Every structure is written in C-alpha cells, then in structure tokens.
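As structure tokens, the structure follows; a few thoughts come after it.
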Amino acid sequence: MDILLCTDNNYVMPTGVLMTSVSMNNNDINYHIIVSEDFSDENQKKLEETAERYHNVVSFYRANKEWHTFFPMGKDGMPAYISISAYYR
C-alpha cells in the first residue's frame with residue numbers, strides 16, 4: 001500500500017504516531033513524504049527509523065521553494081498562519 005504524507009519540522013511526532021499506527025495494522029507500506037527544503041536530517045532519520053521498525057519503506061520528496069509562489073497564504077485575505085506543509089496536501 002502506498003501512503004502519501006506531508007509534514008514539517010513541527011509535525012514530526014504526530015507523523016511518526018500515524019506511521020506507527022498504520023504500520024502496526026498493515027504490512028508492506030510504502031510511505032511517500034513531502035517535506036520542505038528546510039526539513040532537518042534528524043527528523044528525516046526519525047521517520048526512517050519508524051518505517052524500518054516495521055519493515056516498511058519511506059521516500060522523501062523535498063518541495064522546491066518556487067512552489068510557494070503559487071500558495072495563497074497571506075494573500076487576498078487568506079490566513080497567514082497556515083503552514084507550508086498544509087498547502088502541500
């Protein structure tokens with residue numbers, strides 16, 4: 001089963017909890033995770049270890065900052081508090 005996730009440095013723990021829950025109840029999971037360019041190596045390692053603990057696979061995709069110009073955050077009355085990773089979803 002392929003599962004697409006989007007996260008950032010502030011949401012790693014809940015992402016790991018989700019991955020653990022899914023992995024405990026399913027086999028052969030391929031996680032595809034979209035992250036920003038500033039996603040830390042430490043956080044990537046944490047999520048890799050979570051997937052490996054259940055013998056699953058994880059691939060990371062770093063979103064290019066040029067994508068951000070298309071997001072409406074803070075423009076035309078749109079809320080500025082929504083994170084970049086929310087727009088990736």
Side-chain angles (χ1 to χ4, degrees):
M1 176 186 328
D2 290 288
I3 296 178
L4 175 63
L5 302 170
C6 302
T7 194
D8 60 26
N9 288 313
N10 298 316
Y11 209 71
V12 171
M13 189 272 298
T15 302
V17 169
L18 178 147
M19 291 171 65
T20 299
S21 178
V22 170
S23 297
M24 288 177 67
N25 296 292
N26 297 280
N27 297 322
D28 300 320
I29 306 295
N30 296 309
Y31 293 102
H32 303 274
I33 304 178
I34 299 173
V35 298
S36 62
E37 290 177 337
D38 66 347
F39 193 71
S40 74
D41 292 339
E42 178 184 342
N43 286 332
Q44 180 169 328
K45 184 168 177 60
K46 288 178 184 177
L47 296 179
E48 288 171 340
E49 289 171 352
T50 300
E52 290 169 2
R53 186 177 311 123
Y54 297 97
H55 309 288
N56 292 317
V57 177
V58 62
S59 300
F60 289 89
Y61 306 90
R62 295 202 181 259
N64 187 316
K65 284 189 179 186
E66 292 176 11
W67 290 10
H68 301 181
T69 60
F70 300 107
F71 300 152
M73 61 189 165
K75 299 176 188 172
D76 300 324
M78 297 299 292
Y81 63 86
I82 297 174
S83 72
I84 294 296
S85 62
Y87 282 104
Y88 295 158
R89 288 189 287 268

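Here, residue 1 is the first one in the sequence, and each next residue gets the next number. Just so you know, these numbers come straight off a predicted model, no measurement behind them.
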Q) Sub-3.5 Å donor-acceptor pair from the side chain of Asn9 to the main-chain atoms of Asn43, do we have one? A) no
Q: Starting at CG of Leu5, measure out to CD1 of Ile33 and round the result to the nearest 0.5 Å.
A: 5.0 Å
Q) What pair of heavy atoms forms the shortest contact from Ile34 to Ala63, and how long is it? A) CG2-CB, 4.3 Å
Q) Roughly how far, to the nearest 0.5 Å, is OG1 of Thr50 from CE of Met13? A) 11.5 Å
Q: Nearest 0.5 Å please: distance from the CD1 atom of Ile3 over to the CG atom of Asn30.
A: 9.0 Å
Q) Met19 versus Tyr54: any side-chain heavy-atom pair under 4.5 Å? A) no
Q. Is the count of non-hydrogen atoms from other residues, nucleotides or ligands lying under 6.0 Å from Asn25 atom CG greater than 12?
A. yes
Q: State whether Lys46 and Glu42 are salt-bridged, where the test is any N-O pair (Lys NZ or Arg NE/NH1/NH2 against Asp/Glu carboxylate O) under 4.0 Å.
A: yes
(Q) I need the Gln44 CD to Thr7 OG1 distance, nearest 0.5 Å. (A) 12.0 Å
**Q.** Test item: Arg53 side-chain N/O and Thr20 main-chain N/O as donor-acceptor pair under 3.5 Å
**A.** no
Q.
With a 3.5 Å distance limit and no angle check, can you tell me whether Arg62 reaches the backbone of Val35 through a side-chain donor-acceptor pair?
A. no
Q: Using the rule that two of Ile, Leu, Val, Met, Phe, Trp, Tyr join whenever any of their side-chain heavy atoms come within less than 4.5 Å, decide whether Leu47 and Met1 are in one cluster.
A: yes
Q: Kindly compute the distance separating OH (Tyr31) from OG1 (Thr15), expressed to the nearest 0.5 Å.
A: 11.0 Å
Q.
Do Pro14 and Leu18 make a side-chain contact, defined as non-hydrogen atoms from C-beta onward lying under 4.5 Å apart?
A. no
Q. Between CG of Asp2 and OG of Ser59, what distance do you get to the nearest 0.5 Å?
A. 9.0 Å
